[in-house]
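Some notes on the structure that comes next.
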Amino acid sequence: MPSPQLAVIGGGQLARMMQQAAIGLGIRIRLLAEAPDVSAAQVVPDHVVGDYTDLDTLRAIVADAPVVTFDHEHVPPEHLRTLEAEGHACRPGPHALLYAQDKGDMRERLSGLGVPCPRNARIASADDLTDFGFPAVVKTTRGGYDGKGVWVVRSTVDAAEAFASGSQLLAEELVDFRRELSALVARTPSGEVRTYPVVESRQADGVCAEVIAPAPDLDPALDAEARAIAERIATELDVTGILAVELFETTDGRLLVNELAMRPHNTGHWSIDGAVTSQFENHLRAVLDLPLGATDARTPWSVMVNILGGAVEDLEAQRAVVLAAEPDVKIHLYGKSVKAGRKVGHVTAYGSDLDDVLARARRSAALFTTGVTHD
């Protein structure tokens, strides 16, 4: 095969959707996949199965690829520094990824920049937690996602599982928030920046369930502030590619940064069908230092609802049922086996009436999850 223009580490659905964007742009990708049947390996012809924590495996994958990017943030930073020293541009680089890999380091860095965050402290014992105060949210500083590695605690007894995990822990105030927002920004190595409309994300059991773009009834001043926060973080941390900044909109009208992700993000999936340029295309443009595309919404409202594994085991067979019921909804299946609660795809609806768009997206996702809808 011809030499790749880009090496992608990690074979999940984010890499799968990067490949969709790469095809249109004529970008050749080589993929390091965790297993032969993972989501992206099904659609990227030039893929190798291997361990992303092994330096020699990484070297083999990126050997003739000038640029490296990621489906996740878990590649050991020391390996990325080695790859950079050997002439490969890692985007985002290890100096930036550190703040997506470790929540404690992220909190310290953002606080140093004056970015608003929940009150927080590293904790190593029940006494530390008691000193911090209750109620609190206790998080592992590394590795948690989709509600894993996160505990809401109102006493030291509630934190027993967290301390038993053996992980480094961070305590944060339990924020009184109205809703969760997400601000996405794309940034190139040469410094071009574009922000997407700020969206509202709704969670179920710690997992993103649906995203509304743009966030309904968002004060224009808060919209501008969220975008400015995302742009400032991307610039100050020297992030290349897509940065997702998850935020709390507090009940008293403030914004607090919750999490960072330095890759395409679940809260940006709506952009595939709802924006002029999807987050995946702009991520590829950004890491290859190509001019960025417009991030404007195509329609007044877009709603993305995740398809979580449930009673329907054969998603491909169910596809015809969903399309017959909602022919104008866009379906994205990830090629994953169905497991309870697992993200196996998403649907996106769009239009000028938010209630109608929400209803169509929810009905479609329910048909994939339970096989029935409840209007």
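Counting from 1, the numbers follow the sequence of the chain as shown. Everything numeric in this text was worked out from a predicted model, so none of it was measured.
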If Ile, Leu, Val, Met, Phe, Trp and Tyr residues are connected whenever their side-chain heavy atoms lie under 4.5 Å apart, and connections chain through other members, are [X] and [Y] in the same group?
{"X": "Val49", "Y": "Ile29", "result": "no"}
{"X": "Leu260", "Y": "Leu98", "result": "yes"}
{"X": "Leu31", "Y": "Val68", "result": "no"}
{"X": "Leu32", "Y": "Val67", "result": "no"}
{"X": "Val115", "Y": "Tyr99", "result": "yes"}

Answer yes or no: is there an ion pair linking [X] with [Y], defined by an N-O contact shorter than 4.0 Å?
{"X": "Arg363", "Y": "Glu326", "answer": "yes"}
{"X": "Arg16", "Y": "Asp71", "answer": "no"}
{"X": "Arg227", "Y": "Glu225", "answer": "no"}
{"X": "Arg122", "Y": "Glu108", "answer": "yes"}
{"X": "Glu172", "Y": "Lys103", "answer": "no"}
{"X": "Arg142", "Y": "Asp102", "answer": "yes"}
{"X": "Arg285", "Y": "Glu281", "answer": "yes"}
{"X": "Arg362", "Y": "Glu210", "answer": "yes"}
{"X": "Asp252", "Y": "Arg254", "answer": "yes"}

Where do [X] and [Y] come nearest, in terms of heavy atoms and distance?
{"X": "Ala7", "Y": "Val62", "answer": "CB-CG1, 3.8 Å"}
{"X": "Pro76", "Y": "Tyr52", "answer": "CD-O, 3.8 Å"}
{"X": "Met18", "Y": "Thr69", "answer": "SD-CG2, 4.3 Å"}
{"X": "Lys139", "Y": "Asn258", "answer": "NZ-OD1, 3.1 Å"}
{"X": "Asp158", "Y": "Val152", "answer": "CB-O, 4.4 Å"}
{"X": "Ala275", "Y": "Thr295", "answer": "CB-O, 4.2 Å"}

Donor-acceptor pair, [X] side chain versus [Y] backbone, under 3.5 Å?
{"X": "Glu200", "Y": "Glu180", "result": "no"}
{"X": "Glu236", "Y": "Leu113", "result": "no"}
{"X": "Arg202", "Y": "Cys208", "result": "no"}
{"X": "Arg178", "Y": "Glu249", "result": "no"}
{"X": "Arg360", "Y": "Tyr350", "result": "yes"}
{"X": "Glu34", "Y": "Gly50", "result": "no"}
{"X": "Ser167", "Y": "Leu169", "result": "no"}

Would Arg30 and Asp46 satisfy salt bridge (Lys or Arg N to Asp or Glu O under 4.0 Å), going step by step from the backbone distance to the final call?
-> CA-CA 5 Å; Arg30 177 177 298 138; Asp46 187 4; 3.2 Å; yes
Show me the donor-acceptor pairs, under 3.5 Å and distance only, between side chains in residues 314-321 and residues at least two apart or in other chains.
residue, atom, partner, partner atom, Å
Asp314, OD1, Glu316, N, 3.3
Asp314, OD1, Ala317, N, 3.0
Gln318, NE2, Leu367, O, 2.7

Ignoring hydrogens and geometry beyond distance, is a side-chain donor-acceptor pair present between [X] and [Y] at under 3.5 Å?
{"X": "Gln279", "Y": "His269", "value": "yes"}
{"X": "Lys336", "Y": "Gln13", "value": "yes"}
{"X": "Arg342", "Y": "Ser337", "value": "yes"}

Taking the six-membered ring of Phe132 (Phe, Tyr or Trp), confirm whether the NZ or CZ of Arg119 is under 6.0 Å from its centre and within 45° of its axis.
-> yes
For side chain to side chain donor-acceptor pair (under 3.5 Å), just list the numbers for Asp289 and Ser190, CA-CA rounded to whole Å, side-chain angles, deciding distance to a tenth of an Å, and then say yes or no.
-> CA-CA 7 Å; Asp289 207 13; Ser190 53; 2.8 Å; yes
Pairing residues for Arg91 by the salt bridge (charged side-chain N to carboxylate O under 4.0 Å, His left out) criterion, not counting sequence neighbours |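 With sequence neighbours excluded, Arg91 shows a salt bridge (charged side-chain N to carboxylate O under 4.0 Å, His left out) to no residue whatsoever.
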Look at the aromatic rings of His346 and Tyr334 and report parallel, tilted or perpendicular, splitting at 30° and 60°.
->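 His346 and Tyr334: tilted rings.
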Less than 4.5 Å apart, any side-chain heavy atom of Gln19 and any of Ile23?
-> yes
Side chain to side chain contact (heavy atoms under 4.5 Å, CB included) between Val185 and Tyr196, worked out | CA-CA 6 Å; Val185 58; Tyr196 282 86; over 6 Å; no
Crowding at CD, Glu173 (>12 non-hydrogen neighbours, <6.0 Å) = yes
Step-by-step side chain to side chain contact (heavy atoms under 4.5 Å, CB included) determination, Thr267 to Leu184 = CA-CA 8 Å; Thr267 59; Leu184 261 68; 3.6 Å; yes
